[in-house]
Each structure stands twice: as C-alpha cells, then as structure tokens.
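Before any comments, here is the structure.
First listed ligand is number 1; within each ligand, the first listed atom is number 1. What's counted below: heavy atoms across the whole structure, side chains too, no hydrogens, waters or symmetry copies.
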Amino acid sequence: MQYTAIKLVKRPALSITPDVFEVVTLETPELQDGQVLLKQTHMSLDPAMRGWMSDDRESYIPPVELGDIMRSSGVATVVASKHESFAEGDQVAGLIGWTEYAVSDGTGLNKIPPGVSPEAVLCVLALPGLTAYKGLMDIGKPQAGETLVVSGAAGSVGSMVGQLGKAEGMTVIGTAGSDEKCQWLTDDLGFDAAINYKSDDLAAQLKAATPDGVDIYFENTGGPVQDIVFHRMNAHGRIVVCGMIADYNTATPAPGPNWINIVKKRLAITGFTMPDHWNEVPEMMQKLGAYLAAGKLKYRAHKLDGLESAIEGINLLFTGGNIGKLMVKL
Ligand SMILES: NC(=O)c1ccc[n+]([C@@H]2O[C@H](COP(=O)([O-])OP(=O)(O)OC[C@H]3O[C@@H](n4cnc5c(N)ncnc54)[C@H](OP(=O)(O)O)[C@@H]3O)[C@@H](O)[C@H]2O)c1
C-alpha cells in the first residue's frame, strides 16, 4: 500500500518555508514480528519543531537529519499488529512523524484509554498539559492567593497553565496577541485578566492587573512583556522559563532583563524541558486526567485538514494564527 510522508530536506534560514520539505510517496513494508502498522489520525504541530529543524547539536534533543521524515507526536490507530502488546483497533499516542502511516516496534507508544478523544490527548494529556503541569506545579510551586502571569496564554501550554493556576486558587493574568484571544481567556477559561501584548501602555495595564505584584511568571514567549513582568516580580518570586517563541525565527535573540532584580528580589529563574521528565509522565497524566474529569481544564483544538496542510500551517504558531492546540487531522 502506498502512503504520503513529508521529509525535511533543507534547514530553514529564519522562518519555515515550504522548500525545506519534500512530499514523498512510500510503500508500507511487510510487518516483521514485534512490529505494528499505525494509521495516524491526528498530528501535533509544535513550536519546538522549529528548533528540531536547525542543525543545533547542543539542544535537549538531536535535530531531525536531512532526508528524514519530520518529527512530530500524534495519535494513531493500530491497523495491523505482529506485536504482543498491541491489537488491531488500539488507539495509541507517540512520536509518529509527518506521515500518514508508520511502522513501529512499540517503543514510546502509549495506549489511549477508551473514551478519551484524540483531541483531549493532544491538547491536555500529551505535551501541552504535561509541560504546563510540570512547569507550574513542580517548578513554580503555586500557592493559593498568589498572582500568576503567563505569556502565550491563549496557546496550548499557556491556556493549561492559567487554568491550573485558577484550580490552585491563584489570581491569573494572561498575555496574548489579540483581543479575541484575551476575551476567550477571561470569558471562557476564567482568567482574572488578559492583556493584548500588541496594545499600548503594557506596563500600566500590567500594573493595574497585578496590584499585589507577581509571584510566578510562566514564560512562553519572550518579547515585549518579559521585561515588564520581570519588574513586577515580588520577593521570592519564581520565573518558569518554558519557551521563547519570539526568538525562534530571529537571527539574534533579544537581550534579557538586567540581573540585579534577581539578587534584590531573591528570584528563582528555572528553565525546563519536558523530555527530561518522561519517567514522570504516567503520574502526571493521572493528575491531569483528574483535573479534566473535574471539568477544571477546558481545551480547544485548532485543526488543519490533511498531512500536507502542515507545510504552511506550522507557521500559524509563529504568526499567532492558532487559538488553542494546533494539530492536523489526517
Ligand atoms: N519546555 C518545554 O518542554 C516545552 C514544551 C512545549 C512547549 N514549549 C514552549 O512553550 C511555548 C508555547 O508553545 P505551545 O505549543 O503552547 O504553542 P502555542 O502557544 O499554542 O502557539 C504559539 C503561540 O505563540 C505566540 N507567539 C508567536 N510569536 C510570538 C511573539 N513574537 N511574541 C509573543 N508571542 C508569540 C502566538 O500567540 P499570540 O497570538 O498570543 O502571539 C502563537 O499562537 C513555546 O515557546 C514552546 O517552545 C516548551
């Protein structure tokens, strides 16, 4: 049987252009003992992919090699199995890649419990929810009554961070790139305030929204809000550095705030990446599942249609065109 896949064939200069990909037609091989054939149904698109396309050998994960199928996580149905742990019809999640079909030996594949939708997996139980949980709960250590600011708040990680903060009894302020996104945060997700970082007078808006200062800053973006939030931090505040998407397509990263406040306010600034914590995933998934079952985590899937829509669609992450978790429905 033939299927379509997309290979990375060039490294992007700055932004991701279609010529870095090649669409190929492949034949499914004969299954060997211990293998499964997967038909991917939902493929995740993530900002981290920009880093995986670069020839950066010092990052937390090696780059995708030129000529390889582009890396991504996704949800798939097992359509044939010669593996004792997987049966035809099982729904699984794992690193599947930009491809309609894949052969796997089961490494890194997790079975999805019946009744859980692929959207719920990719929006909550996979990378976005896990990242939000790890960063906020284990690194930020929220206390009821404290104030949390999260940037990229209408994105997949940010929207989970804010809702977890609310569930923990925090005052939560999000920053996002449009009034529509800000309205979604306050009206639907229960944020206490949301600030459009593309509007004027950001410092005054943030001051008004954080009369008691900021105890946790969950940093997803960098950009103009970073320095302003940094100056609103309270003593013993925690800054959780999850991502810096504002810098991913730039030649030179923006300079950071002056470090003197780290001393004066005894701040803890911690970077983290989820791949360091895969061993904690089963436990974190259970905790996220409990928030989900209690109705404390709403999610929104932004779905593109068909594998090849990923080629242009991935740039929605960098233009702010996505609301909620960006994914491709195959
Ligand atoms: N550390 C980890 O393990 C880990 C894991 C997952 C994700 N991350 C990081 O978390 C961040 C969010 O990822 P996500 O998957 O949840 O993506 P996302 O927030 O769903 O999508 C990206 C969003 O970033 C915003 N953005 C794009 N360019 C920007 C800029 N120049 N300045 C400010 N905001 C900008 C856009 O929203 P606006 O309309 O609001 O601009 C866009 O919708 C990324 O930095 C990602 O690399 C880290």
Side-chain angles (χ1 to χ4, degrees), residues 14-16 43-54 56 59-61 71-73 119 122-136 138-140 149-164 173-185 189 191 194-199 202 217-229 239-250 253-254 269-278 280-281 284 299-304 313-327:
L14 288 177
S15 41
I16 302 169
M43 184 175 103
S44 179
L45 293 179
D46 296 281
M49 289 170 170
R50 176 63 187 82
W52 302 343
M53 291 177 197
S54 303
D56 179 358
S59 192
Y60 61 96
I61 191 169
R71 181 189 296 145
S72 58
S73 60
E119 288 84 359
L122 291 190
C123 293
V124 183
L125 301 175
L127 192 66
L130 295 167
T131 304
Y133 187 89
K134 181 72 204 173
L136 182 66
D138 290 352
I139 299 173
V149 174
V150 52
S151 60
S156 52
V157 174
S159 60
M160 292 296 137
V161 169
Q163 293 181 85
L164 287 171
I173 291 90
T175 65
S178 73
D179 291 343
E180 184 196 354
K181 289 185 179 185
C182 288
Q183 198 171 348
W184 179 56
L185 296 175
L189 301 191
F191 281 48
I195 297 169
N196 180 348
Y197 71 85
K198 292 176 182 165
S199 62
L202 283 183
Y217 178 38
F218 195 105
E219 172 65 294
N220 280 316
T221 65
V225 290
Q226 186 186 66
D227 195 58
I228 294 166
V229 182
I239 299 179
V240 183
V241 186
C242 174
M244 297 285 288
I245 195 168
D247 284 337
Y248 294 174
N249 286 340
T250 60
I269 305 178
T270 311
F272 78 106
T273 63
M274 255 319 291
D276 286 349
H277 303 282
W278 287 138
E280 301 162 46
V281 166
M284 286 196 274
Y299 58 87
R300 183 161 166 171
H302 185 134
K303 279 187 263 188
L304 307 176
I314 188 168
N315 283 308
L316 293 172
L317 295 167
F318 303 99
T319 60
N322 67 307
I323 306 189
K325 176 75 196 98
L326 189 64
M327 63 182 72

Notebook entry, point to check: Does the side chain of Ser44 pick up a donor-acceptor pair with the side chain of Lys325 at under 3.5 Å?
Noted result: yes
Check: For ligand 1, what are the residues with a heavy-atom contact below 4.0 Å?
Finding: Pro47, Leu127, Thr131, Gly155, Ser156, Val157, Ala176, Gly177, Lys181, Tyr197, Asn220, Thr221, Cys242, Gly243, Met244, Ile245, Ala246, Tyr248, Phe272, Thr273, Met274, Leu317, Phe318, Gly320, Asn322, Gly324
Next item on the list: Identify the heavy atoms of Ile195 and Cys182 that sit nearest to each other, and give their distance.
Entry: C-SG, 3.5 Å
Next item on the list: Can you run down the side chain to side chain donor-acceptor pair (under 3.5 Å) pairs that involve residues 240-250, sequence neighbours left out, and say none if there aren't any?
Entry: Arg50-Asn249
Margin query: According to side-chain hydrogen bond (donor to acceptor under 3.5 Å, both in side chains), who are the partners of Ser72, at least two apart in sequence or on a separate chain?
Written below: none
Note to self: To the closest 0.5 Å, what do you measure between OH (Tyr217) and CD (Gln226)?
What the structure shows: 6.0 Å
Margin query: I'd like to check the side-chain contact (heavy atoms from CB on, under 4.5 Å) partners of Glu280; sequence neighbours left out, ordered by chain and number.
Written below: Lys134, Asp138, His277, Met284
